[in-house]
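Chain naming here is simple, since letters A, B, ... match the order of the sequence lines and numbering starts at 1 in each.
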Amino acid sequence: MGTARTTGYHPGLVDLASGQISREIFVNDEIYAEEQERIFARAWLFVGHASQIPNPGDYVMSGMGEEAVILCRDRAGAVHVFLNSCRHRGMKVCRYDEGNTSVFTCPYHGWSYGTDGRLVGVPYFREAYHSKLDRSRWGLVEVAQMCNYKGAIFATWDAQAPSFPEYLGDFTRYLDLQLDGWDGREGQAELLCGVQKWLVPCNWKFPAENFSGDTYHNISHRSVDLAGIGPSGSSRRDLGERNVSRKLHVCIPDRGHQTILYVMPQGRETPVAYQNAPIVSEYFAHCEAEKRRLLGEGARLIGAPGEIFPNTALLSRQPRTMAVWHPRGPNQTECWRYYFVDKDAPHEVKEFLRDYYIRYSGPAGMTEQDDMENWNYAHAASRGTIARRHPYTYEQGIGTAVRDYEFEGMRVPGDVIDITEIQSSEQPMRNLYRRWAQFMEADDWEQLATWRHNERAAAAE
Amino acid sequence: MSDPINIRTLAPGTRIALADGAVAEIVSNPADGVWLFARYLESPRDPALVGQEEMIFAGDVVEVRQAP
């Protein structure tokens, strides 16, 4: 492939009918450049969590695609997301990872911005600019839309994008599982410790598809299961409910979001967990009971790895984390992993979970190391001239998804495959790449908001 | 041209003389080495500035005077 293209991704490179996807979309420089414009400049992206910036003047560095951004709380308490680039000559106006400040000052020529983004300081404003520079026009570039959803800060550069709740659609309940408390109360999550950041030599879509719900690669984690790193000293996780639930692949086809989901049988209580730490075990037993009391049937849904299109990964059960796969060229991804606990959980519980999270996830986590090894070498082995000629296959479960699954009275919207017995499907990956191809081909959000077309057609009927 | 002054070390309350002959009192210091927030005490060039708080550029600070 020689030049950038805006057509032919689907079915040319992403052939969902046959379940074949070209390796070019992972390794091609031109396609990667197109992704920055057509995906990362238009989609909603996770920027950080409000608990990272509790006080006026607090800020943290983050990223949206390749863009460096500042997430900050201004002196009046409002949250902002700014491009970290001076309007005068582009220098980063902030080079610390986090802190508290009254102004962001560019070290190049000294332009200075308030935490609300206004340009407040221009050296020699009277002398060199003769007081004529219109400072109101030269504030920091702010995202077009920002949403604080239960503390999670998402943003987009596209003013025409739908609101964040509309962007999520029926996927909202799975983000809720991530951000609400273990006892079911709304928005109880807070960040535990700092954000872990590391580089992996692979395209950003490798981790994105992995966290979309790749259950097929469990063999990679066999050694971790055998070592028994889970909080009860067995396997990786400590979720007995996995053994009694229906295990689903849930895809929201219009949105490109997908997840693994467990649905507990009606009237069944969650098995006891965390037997190695009685105080933690008691705490979670209490939370599960509270959740059943507060949410009723809703407490039967148990989250698992999932992906909000394009590059935000969820893991709402344990270890409870979110991740962002920042693109750093076609052949490199910067992984950022955020760790969550309930803000009013006992100190002993937070400390126990911190140890468990570190053991499991991040660059030194035993499970994440397995994944990185796969993505690293799969990517490297797909870059060659010969390798590029041979597509990957995503054929598992083609044509077997059901619309709006139901189990013992619990309705699950979307395209769903019950993988309890069959173990695996590749429906989540097909869902991811269907949306990817739509973004790469669509000229605007009028085309991308496909659900609006369906709603209009239904209304016309 | 006077020697450059390290404005990062200047505490609130410190008085500073500016290149245009004005005198100001530091209100707060963001410690970025580039800017100070200061209130004008004297301003021969523009008397209307007296009493106002402005951001003062490091390059404009020519002398540090102790608070009275």
Handout entry: Carboxylate-amine/guanidinium proximity below 4.0 Å for B:Arg45 and A:Glu127
Key = no
Handout entry: Exceeds 12 heavy-atom contacts within 6.0 angstrom, atom NZ of A:Lys92
Key = no
Practice task
Step through the shown structure and confirm whether more than 12 heavy atoms of other residues, nucleotides or ligands are within 6.0 Å of CD on A:Glu98.
Solution key: no
Problem - More than 12 heavy atoms of other groups within 6.0 Å of A:Arg118 CZ - result: no
Exercise for the section: Kindly check if the number of other-residue, nucleotide or ligand heavy atoms within 6.0 Å of CD (A:Glu37) is above 12? Expected result: no
Fill in the blank from the handout: d(A:Ser102 OG, B:Asn29 CG) to nearest 0.5 Å is 8.5 Å
Exercise for the section: Indicate yes or no: at least one non-hydrogen side-chain atom of A:Val103 is less than 4.5 angstrom from one of B:Phe37. Expected result: yes
Practice task
Taking atom OH of A:Tyr129 as the centre, report whether more than 12 heavy atoms of other residues, nucleotides or ligands fall under 6.0 Å from it.
Solution key: yes
Fill in the blank from the handout: In this structure, CG of B:Asp60 is separated from OH of A:Tyr124 (nearest 0.5 Å) by 5.5 Å
Practice task
Considering non-hydrogen atoms only, spot the tightest contact between B:Trp35 and A:Ser112 and give its length.
Solution key: NE1-CB, 3.1 Å
Problem - Nearest-0.5 Å distance, CZ of residue A:Phe125 to CD of residue B:Glu54 - result: 9.5 Å
